[in-house]
There are 2 protein chains.
Amino acid sequence: MKKTNILKKIENAGLKKTKYRVNIIDLLEKADGLLSASDIHQLLIDNDIQMDLSTVYRTLEKLTENNIINRIELEKEKQSLYEYNREKHHHFMICKSCNKIETIYDCPLTKYEEDIKAHSDFLITGHKIEFYGYCKNCRKRLKIN
Amino acid sequence: MKKTNILKKIENAGLKKTKYRVNIIDLLEKADGLLSASDIHQLLIDNDIQMDLSTVYRTLEKLTENNIINRIELEKEKQSLYEYNREKHHHFMICKSCNKIETIYDCPLTKYEEDIKAHSDFLITGHKIEFYGYCKNCRKRLKIN
DNA sequence: ATATAAATGCAAATCATTTGCAATTAATAA
DNA sequence: TTATTAATTGCAAATGATTTGCATTTATAT
Ligand SMILES: [Mn+2]
Ligand SMILES: [Mn+2]
Ligand SMILES: [Zn+2]
Ligand SMILES: [Zn+2]
């Protein structure tokens, strides 16, 4: 992503443009998987960017609040994970053996939520799904079909 | 549930029959909602049953391992919650305003999982869904339609 | 009744996350 | 540019749920 776009996002959120914020957004935008606060902290250090872990947390909080990134809480992962917000509804498949996380850009619930809307007093405004199972590699390795 | 059935469950799991285990299973079987470890600890104290919180945790762990109860980890609840395992597949609807948790004994994913099975290398063996929205009371109170 | 492994209480440790506070810095106005 | 002010930061300490080490007790089988 062009740096100007990142700066625009920060500006639109009414946040100060600090090198830390630009760096974290940049890093998450380039990352291909989900990253934890400490992952991010370490990656910054690897890039010679010193930043206190508490500041990482505060930054992630602010960016999450402003929908620039998403905080993901997965079953069993004690740490929160973060991803760049590409504004594309998605879900996760998590391998029970190696913990690999794959993303599904697809959603089976649209119709179901409409049904609930019609038949229940509860108004659904969102949902979260995690699928659990075995990834390609682990199926092979563990001979699971 | 008749106490003999609880004892049978403990026995089948190869666990010792301690008053604590019987009490916790009993309590969860009667509870109508989800309970945290500290909820359970407090309820036991209210019933004049002294039990160390660490023992509550260890008991819940054992009962979960043996599928007598289920451990539920919900987005944003920092504490794990527990329910008696009625062996009935279900999901939750969580009110964004009052945090009320309602259960859905229904599942919209059977067909979808078969689709994934057919089109992906990932083998799905289970899933987890949380629906978020507003319960009847909060819809009324907050005038949300 | 005895032996043995499991269960327990208590205190201390863990670990991700949060917070208080003083110092620094970005944004804005003068 | 300089001054002003609120936001941001670093550091150390706190938090809070959960876990663990260890000595003691208890349930179960012989
Ligand atoms: Mn969806
Ligand atoms: Mn289901
Ligand atoms: Zn795997
Ligand atoms: Zn509600």
Side-chain angles (χ1 to χ4, degrees), chain A residues 3-4 6-25 34-45 47-66 68-82 99, chain B residues 3-4 6-26 34-45 48-66 68-82 99:
Chain A
K3 184 159 279 190
T4 33
I6 292 179
L7 292 182
K8 204 151 290 171
K9 285 220 172 202
I10 293 177
E11 191 172 359
N12 291 343
L15 299 176
K16 283 188 180 177
K17 287 165 202 144
T18 70
K19 55 176 175 170
Y20 295 146
R21 278 175 186 161
V22 176
N23 274 310
I24 287 186
I25 295 174
L34 301 173
L35 298 175
S36 69
S38 43
D39 288 341
I40 292 167
H41 187 229
Q42 191 52 56
L43 284 170
L44 290 169
I45 288 172
N47 274 72
D48 285 307
I49 297 164
Q50 298 303 319
M51 181 179 183
D52 193 80
L53 181 56
S54 70
T55 308
V56 174
Y57 274 107
R58 283 190 272 226
T59 303
L60 291 171
E61 169 68 19
K62 273 274 186 295
L63 298 179
T64 301
E65 274 174 13
N66 289 284
I68 295 173
I69 65 176
N70 301 323
R71 169 185 288 132
I72 312 288
E73 334 233 84
L74 297 179
E75 182 105 13
K76 280 167 191 134
E77 294 276 347
K78 53 268 156 227
Q79 298 180 250
S80 292
L81 301 177
Y82 298 86
N99 269 321
Chain B
K3 184 160 278 188
T4 33
I6 292 179
L7 293 182
K8 203 151 290 173
K9 286 220 173 203
I10 293 176
E11 192 172 359
N12 290 343
L15 300 175
K16 283 189 182 178
K17 286 164 203 147
T18 70
K19 55 175 176 173
Y20 295 146
R21 280 174 185 161
V22 176
N23 274 310
I24 287 186
I25 295 175
D26 203 43
L34 301 174
L35 297 176
S36 68
S38 42
D39 288 341
I40 292 168
H41 187 230
Q42 190 53 55
L43 284 169
L44 290 169
I45 288 173
D48 286 306
I49 298 164
Q50 299 303 319
M51 181 178 184
D52 193 81
L53 181 55
S54 71
T55 308
V56 174
Y57 275 108
R58 281 190 272 225
T59 303
L60 291 171
E61 169 67 18
K62 271 277 183 295
L63 297 180
T64 301
E65 273 175 13
N66 288 284
I68 294 172
I69 65 177
N70 301 323
R71 169 184 289 131
I72 312 287
E73 332 234 84
L74 296 178
E75 182 105 12
K76 278 165 193 137
E77 295 274 347
K78 54 265 155 233
Q79 298 180 251
S80 291
L81 301 177
Y82 298 85
N99 270 321

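Being a predicted model, the structure only gives us computed values, none of them experimental. Scope of the values below: all heavy atoms of this structure, side chains included, with no hydrogens, waters or symmetry mates. Below, chains carry the letters A, B, ... as their sequence lines are ordered, and counting in each starts from 1.
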Q.
Quick one, B/Ile10 with B/Thr18, criterion side-chain contact (heavy atoms from CB on, under 4.5 Å). Give me CA distance, side-chain angles, the key distance, then yes/no.
A. CA-CA 9 Å; B/Ile10 293 176; B/Thr18 70; over 6 Å; no
Q. With distance as the sole test, does A/Asn23 use its side chain to make a donor-acceptor pair with the main-chain N or O of A/Lys19 at under 3.5 Å?
A. yes
Q: Give the angle between the helix axes at the two ends of the helix from C/dA1-D/dT30 to C/dA30-D/dT1, taking five base pairs at each end and rounding to 10°.
A: 30°
Q: Quick one: label A/Ser38 by what it contacts on the DNA or RNA (base, sugar-phosphate, nothing), any heavy atom closer than 4.0 Å.
A: nothing
(Q) Within this structure, what is the CG-CG distance for the pair A/Asn66 and A/Asn12, rounded to the nearest 0.5 Å? (A) 10.0 Å
Q: Could you state the atom-to-atom distance from CG of B/Leu53 to C1' of C/dT8 in whole Å?
A: 13 Å
Q. How many angstroms lie between CD1 in A/Ile40 and OH in A/Tyr57, if you round to the nearest 0.5 Å?
A. 9.5 Å
Q. Out of curiosity, B/Ile69 CD1 to B/Leu34 CG, how far, rounded to the nearest 0.5 Å?
A. 11.0 Å
Q | Boundaries of the DNA chain D segment in contact with chain B, non-hydrogen, under 4.0 Å | A | D/dA17 to D/dT28
**Q.** B/Thr55 versus B/Asp52, side-chain donor and acceptor atoms under 3.5 Å
**A.** no
Q.
Between B/Met51 and B/Thr59, is the side-chain contact (heavy atoms from CB on, under 4.5 Å) condition met? List the steps.
A. CA-CA 11 Å; B/Met51 181 178 184; B/Thr59 303; 3.4 Å; yes
Between the protein and nucleotides 23-26 of chain C, list the N/O to N/O atom pairs that are separated by less than 3.5 angstrom.
{"unit_1": "C/dT25", "atom_1": "O2", "unit_2": "A/Lys16", "atom_2": "NZ", "d": "3.4"}
{"unit_1": "C/dA26", "atom_1": "N3", "unit_2": "A/Lys16", "atom_2": "NZ", "d": "3.3"}

Q) Quick one, which residues of residues 58-65 of chain B touch DNA chain C with a heavy atom under 4.0 Å? A) B/Arg58, B/Thr59, B/Lys62
Q.
When you measure from the side-chain N and O atoms of A/Ser54 to the phosphate of C/dT18, is any distance below 4.0 Å, counting only OP1 and OP2?
A. no
Q. Of the residues in residues 70-78 of chain A, which ones touch DNA chain D at a heavy-atom distance under 4.0 Å?
A. none
Q | Minimum heavy-atom distance between B/His41 and B/Leu53, given as atom pair plus value | A | NE2-N, 3.7 Å
**Q.** Spatial distance of atom CD1 (B/Ile72) from atom CD (B/Gln79) [nearest 0.5 Å]
**A.** 14.5 Å
Q | Side-chain N or O of A/Tyr57 closer than 4.0 Å to phosphate OP1/OP2 of C/dT17 | A | yes
Q.
Just to verify, which of B/Val56, B/Ile25, B/Ile49 counts as forming a side-chain contact (heavy atoms from CB on, under 4.5 Å) with B/Tyr20?
A. B/Ile49
Q: Would you give the length of the straight line joining atom CG of B/Asp39 to atom CG of B/Leu81, rounded to the nearest 0.5 angstrom?
A: 7.5 Å
**Q.** Results of salt bridge (charged side-chain N to carboxylate O under 4.0 Å, His left out) for B/Glu11 - residues two or more places apart only
**A.** B/Lys17
Q. Where do B/Leu63 and B/Leu15 land on the side-chain contact (heavy atoms from CB on, under 4.5 Å) test, with the steps shown first?
A. CA-CA 9 Å; B/Leu63 297 180; B/Leu15 300 175; 4.2 Å; yes
Q) Do B/Ile24 and B/Arg21 touch side chain to side chain, with heavy atoms closer than 4.5 Å? A) no
**Q.** Spacing of NZ belonging to B/Lys78 relative to CD belonging to A/Glu73, to within rounding of 0.5 Å
**A.** 11.0 Å
Q: Indicate, with a heavy-atom threshold strictly under 4.0 Å, whether B/Ser80 touches base, sugar-phosphate, or nothing.
A: sugar-phosphate
